[in-house]
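Here's the structure, in structure tokens; my notes come after.
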Amino acid sequence: MFALADCNNFYASCERVFRPDLNGKPIVVLSNNDGCVIARSNEAKAVGIPMGAPAFKFEKIFDKFKVNVFSANFALYGDISHRVMDILSSYSPEIEIYSIDECFIKLNGFQNFDLVNYANEMKSKVMKWTGIPISIGISPTKALSKVANRIAKKFPEKTNGVYIIDNDEKRIKALKWLKIEDVWGVGRQYSKQLSAIGVKTAFDFVQLNDQFVKRKMSIVGLRLKHDLQGIPTLDFEDIQPKQNIAVTRSFEKNYTEFEQLKERISTFAVSCSEKLRKQNSCCNALMVFIQANPFRKDLPQYGRSIFVKLPFPTNSGIEMSKFATQALKQIFKNGFAYKRAGVIIQNFTPANNSQQNLFENSDKRHAPLMQAVDKLNAVFGQQKIRLASQDTKRVWKMRQEKLSPCYTTKLKDIITVKV
DNA sequence: TCTGGGGTCCTAGGACCC
DNA sequence: TCTGGGGTCCTAGGACCC
């Protein structure tokens, strides 16, 4: 059996942990730059705030319903996530952390356990130790435990946040209840195509012919179908080193000058290099993109990306910044207001075993230098040591007007309790 | 005025190899 | 009239996830 544990309204719940006064009140969490809504408490959902709502369009609604608005505080969410996962991993030797707020727990060899009881134990311990409410779905396959989890979330009174699908009767009932667009692995496009041919529920979907599903949705769709039929098809994924690393941002203001973009791109490349060194890889290619604001129909539109093959594998921030800046030069055009940009690195090889170039190679002195930079930054704070091409005057900032304290990761933000 | 950021996998088609 | 068979690698595009 698989259990899927998923935190309820995770980011909103994190904000509540240290603000019990907000229990029962509507909360939303905004994306970077306070752009759009990326998490909502149940109360915020109830007043009709949709996922992805642009904050500026919903200010009146926020005021009207006294919604508590937060800027995203990923340091806080990441730390709480670790704590939750730590607790859950004590319940089985095999867990797969699927995202920041959910994990699959394999329950092999638990035949003699009352699994619903067991899940309830997990749930209360996570609540007691972290303050985060979770829901748990249990079933013989991953896809069905997603379904069970949804039921647990949707009917908290009936299920107490734990639901098990352990026979065909329950499975069929659940599939008939689940709308096709809510099935894990069926997104916007597929649900449009499927409902056009009369497939409205997960149950309709599993009635389709295998060949048809494979033709329409590739092998991925077929696996999903089997999993929903109760035939275990999806298993844990091995933890692989990343194949892509991206650092991309929208800007608070539009940028028109090359120099401004150059600073951003250099900083993004340096961040990429830090992440790359963490997984002990070098990259062999890099992509840079810049884009005007696509929502501003009144402004001239331009967006381009460029893919560069590097002459040698590297994870030096100095070199990556240099290559990224050169790439930017090739795509930058004057006369546009740029709103987004990013650096994406690819084609990784292990850092300790990379193919050298006969004529040109990464500067050998960079490796110890980067090591020293990483160490200093680890002690004194992110990006304390930078390249001169980066924002040395700390001009650049993100809009984060409603940022909560980093209660669990910054000493100065630790709460004071008056007894 | 203001609309996020980070990933994955699969397929088809083209270029190339012997 | 008829023009092989078996591969790999790369890229672009399309779908999906949180």
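Order of the sequence lines sets the chain letters (A, B, ...), proteins ahead of strands, with each chain counted from 1.
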Tell me, yes or no, whether the heavy-atom count around [X] atom [atom1], taken from other residues, nucleotides or ligands under 6.0 Å, exceeds 12.
| X | atom1 | result |
| --- | --- | --- |
| Lys242(A) | NZ | no |
| Lys214(A) | NZ | no |
| Lys262(A) | NZ | no |
| Ile239(A) | CD1 | no |

For residues [X] and [Y], is any side-chain donor paired with an opposing acceptor at under 3.5 Å?
| X | Y | result |
| --- | --- | --- |
| Ser135(A) | Asn149(A) | no |
| Gln390(A) | Ser266(A) | no |
| Tyr77(A) | Glu15(A) | yes |
| Asn9(A) | Asn42(A) | yes |

- Task: Would you check if Ile49(A) and Phe62(A) make a side-chain contact, meaning some heavy-atom pair closer than 4.5 Å?
- Result: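 Side-chain contact under 4.5 Å: yes.
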- Ser71(A) vs Leu30(A) side-chain heavy atoms within contact, under 4.5 Å: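 When only atoms from C-beta onward are counted, Leu30(A) and Ser71(A) do not touch, as no gap falls below 4.5 Å.
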- Task: For DNA chain C, just give me the dot-bracket, please: Watson-Crick or G-U, both distances below 3.5 Å, ( ) intra-strand, [ ] crossing earlier pairs, | paired with another strand, . unpaired.
- Result: ....||||||||||||||
[X] has an atom [atom1]; how far is it from atom [atom2] of [N], in whole Å?
| X | N | atom1 | atom2 | value |
| --- | --- | --- | --- | --- |
| Asn33(A) | dC2(B) | CG | C1' | 9 Å |
| Arg399(A) | dG4(B) | CZ | C1' | 13 Å |
| Glu252(A) | dG5(B) | CD | P | 13 Å |
| Asn254(A) | dT1(B) | CG | C1' | 10 Å |
| Leu299(A) | dT1(B) | CG | P | 10 Å |

Can you pull every protein N or O that's under 3.5 Å from an N or O on nucleotides 7-10 of chain B?
{"unit_1": "dG7(B)", "atom_1": "OP2", "unit_2": "Ala246(A)", "atom_2": "N", "d": "2.6"}
{"unit_1": "dT8(B)", "atom_1": "OP1", "unit_2": "Gln243(A)", "atom_2": "N", "d": "3.1"}
{"unit_1": "dT8(B)", "atom_1": "OP2", "unit_2": "Asn244(A)", "atom_2": "ND2", "d": "3.0"}
{"unit_1": "dC9(B)", "atom_1": "OP2", "unit_2": "Gln243(A)", "atom_2": "NE2", "d": "3.3"}
{"unit_1": "dC10(B)", "atom_1": "OP1", "unit_2": "Arg223(A)", "atom_2": "NH1", "d": "3.2"}
{"unit_1": "dC10(B)", "atom_1": "OP1", "unit_2": "Arg223(A)", "atom_2": "NH2", "d": "3.3"}

- Query: Heavy atom of residues 49-57 of chain A under 4.0 Å from DNA chain B: which residues?
  - Reply: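 Here the set is Pro54(A), Phe56(A), Lys57(A).
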What contact category does [X] fall into here, base, sugar-phosphate, or nothing, at under 4.0 angstrom with non-hydrogen atoms?
| X | value |
| --- | --- |
| Lys214(A) | nothing |
| Arg296(A) | sugar-phosphate |
| Asn293(A) | sugar-phosphate |

- Message: With ring pair (Phe, Tyr, Trp, His ring centres under 6.0 Å) as the criterion, how do Phe336(A) and Tyr302(A) come out once you've worked through the C-alpha distance, each side chain's angles and the decisive distance to 0.1 Å?
- Response: CA-CA 7 Å; Phe336(A) 295 98; Tyr302(A) 173 68; 5.0 Å; yes
- Side chain of Arg340(A) only, please: which of dT3(B), dG5(B), dT1(B) is the nearest?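 The listed nucleotide nearest to Arg340(A)'s side chain is dG5(B).
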- Task: Give every residue pair that meets the side-chain hydrogen bond (donor to acceptor under 3.5 Å, both in side chains) criterion with at least one member in residues 324-336 of chain A, sequence neighbours excluded.
- Result: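 Non-adjacent pairs meeting side-chain hydrogen bond (donor to acceptor under 3.5 Å, both in side chains): zero.
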- Message: Roughly how many Å apart are dG4(C) and dC17(B), using the C1' atom of each and rounding to a whole number?
- Response: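 It comes out at 15 Å once rounded to the nearest Å.
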- Message: Among residues at least two apart in sequence or on other chains, which ones pass side chain to side chain contact (heavy atoms under 4.5 Å, CB included) with Ser139(A)?
- Response: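 Once residues adjacent in sequence are excluded, the partners of Ser139(A) under the side chain to side chain contact (heavy atoms under 4.5 Å, CB included) criterion are Thr141(A), Leu144(A), Ser145(A), Ile165(A).
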- Charged N to carboxylate O below 4.0 Å: is that the case for Arg83(A) and Asp86(A)?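 No, this pair does not count.
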- Scan nucleotides 11-18 of chain C nucleotide by nucleotide, 5' to 3', and note B when protein non-hydrogen atoms come under 4.0 Å of the base, S if they reach only the sugar-phosphate, - if neither. S---SSSS
